[in-house]
Amino acid sequence: MRHIMNALDLSVEELDKLIHLAEQIMETPEKYTECCKGKKLATCFYEPSTRTRLSFEAAMLNLGGSVLGFSSADSSSASKGESVADTIRVISSYADICAMRHPKEGAPLVASMYSSIPVINAGDGGHNHPTQTLTDLLTIKNLKGHFDHLKIGFCGDLKFGRTVHSLIDAMVRYPGVEFVLISPPELKIPDYLRKETLDENHIPYQEVSDLDAVIGDLDILYMTRVQRERFFNEEDYIRLKDSFILDTSKMKLAKEDMLVLHPLPRVNEISTEVDNDPRAVYFKQAQYGVYIRMALILTLLQIKI
Ligand code: CP
């Protein structure tokens, strides 16, 4: 039995296999409609979600399985003080696999220690979001064709943006990848990521605060929202929330084949006028999330086609 807590829990070879399976599912979805008949997915979401929870549920339903779960801590016995460890012990007897989102870093890892079914981290605080990373990788693979020798700009809240942390972790394993980290000084990537991931692996990167100055160099621009829910005070959030707004004038400075990704939800950081630009692929990216989660469920449940 395997759990997925971090994108790095999968080797590059396993990741390739998973992406290949997702591509096969995209090509012939009808082949997979009964693969999980009789299997149940529990979605235990202690924090709000639209895409992650619903794409997990859509994935399991597409595979012929069923879903159960809760979408907020308030609607579960966590509100009465139940621990994550006790909750997963019980859910292990109700379902075959569990996707868990929690505001506390490490909570899904704790769950995995007490679980007798595979647990997938569906986002833990400001830490990691491995299935978003798998979604991002499938998007890049399908729309760029390769992972190596890409210059990727991450823009916005790089401190609290867990999708950024997970994607940096995953991308440093490919040759020739470079990062441009675009944020206000207060929202730079955490020190541990700079030291342990970028510096130790000798990855070229620059930290800047001016998007216009660097957008023309990028192959991928990964926009993020400023994560209001992780701020200690509202004043700081208000001061920083509109630090970067991608609009058509900025897009004119970008390469013709630069892709704009965003894990969504978007607030103000991408003007809606950009949505019709063929380089804006964030809604397509959300669609890829279903296919990669189908592939992940099949893999963790060890279902062979
Ligand atoms: N990308 C993402 O995690 O979206 P949700 O918060 O809606 O799940």
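Counting convention: from 1, in listed order, for ligands and their atoms alike. The first residue in the sequence is number 1, and the count goes up from there.
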What do you reckon, does Pro265 have a nitrogen or oxygen under 3.5 Å from a nitrogen or oxygen of ligand 1? no
Stepwise side-chain contact (heavy atoms from CB on, under 4.5 Å) check, Ile305 with Cys35: CA-CA 7 Å; Ile305 315 303; Cys35 293; 3.4 Å; yes
Which is closest to atom 3 (O) of ligand 1 by heavy-atom distance: Glu47, His262, Gln132, His129? His129
Please work out whether the ring planes of His102 and Tyr46 are parallel, tilted or perpendicular, with thresholds of 30° and 60°. tilted
Give the residue, atom name and distance (to 0.1 Å) of the protein heavy atom nearest atom 4 (O) of ligand 1. Arg51 NE, 3.1 Å
Which residue holds the protein heavy atom closest to atom 1 (N) of ligand 1, what is that atom called, and what is the gap in Å? Pro263 O, 2.8 Å
Can a cation-pi geometry be assigned to Arg101 and Phe45, taking NZ or CZ under 6.0 Å from the six-membered ring centre and within 45° of the ring axis? no
Using 30° and 60° as the class limits, which term best fits the ring planes of His262 and Tyr282: parallel, tilted or perpendicular? perpendicular
Which protein non-hydrogen atom lies closest to atom 6 (O) of ligand 1, naming both residue and atom, and how far is it? Arg101 NH1, 2.9 Å
Search all heavy atoms of Pro130 against all heavy atoms of Met5 and return the closest pair with its distance. CG-O, 3.5 Å
At a 4.0 Å threshold, what atoms of ligand 1 neighbour a non-hydrogen atom of Thr52? 2 (C), 3 (O), 4 (O), 5 (P), 8 (O)
Could you tell me whether some N/O pair between Arg53 and ligand 1 is separated by less than 3.5 angstrom? no
Does the plane of the ring in Phe179 sit parallel, tilted or perpendicular to the ring in Phe154? Use 30° and 60° as the thresholds. tilted
Got the closest protein heavy atom to atom 7 (O) of ligand 1, with its distance? Thr50 N, 2.8 Å
What I want to know is whether Leu264 and ligand 1 share at least one N or O pair that is separated by under 3.5 angstrom. yes
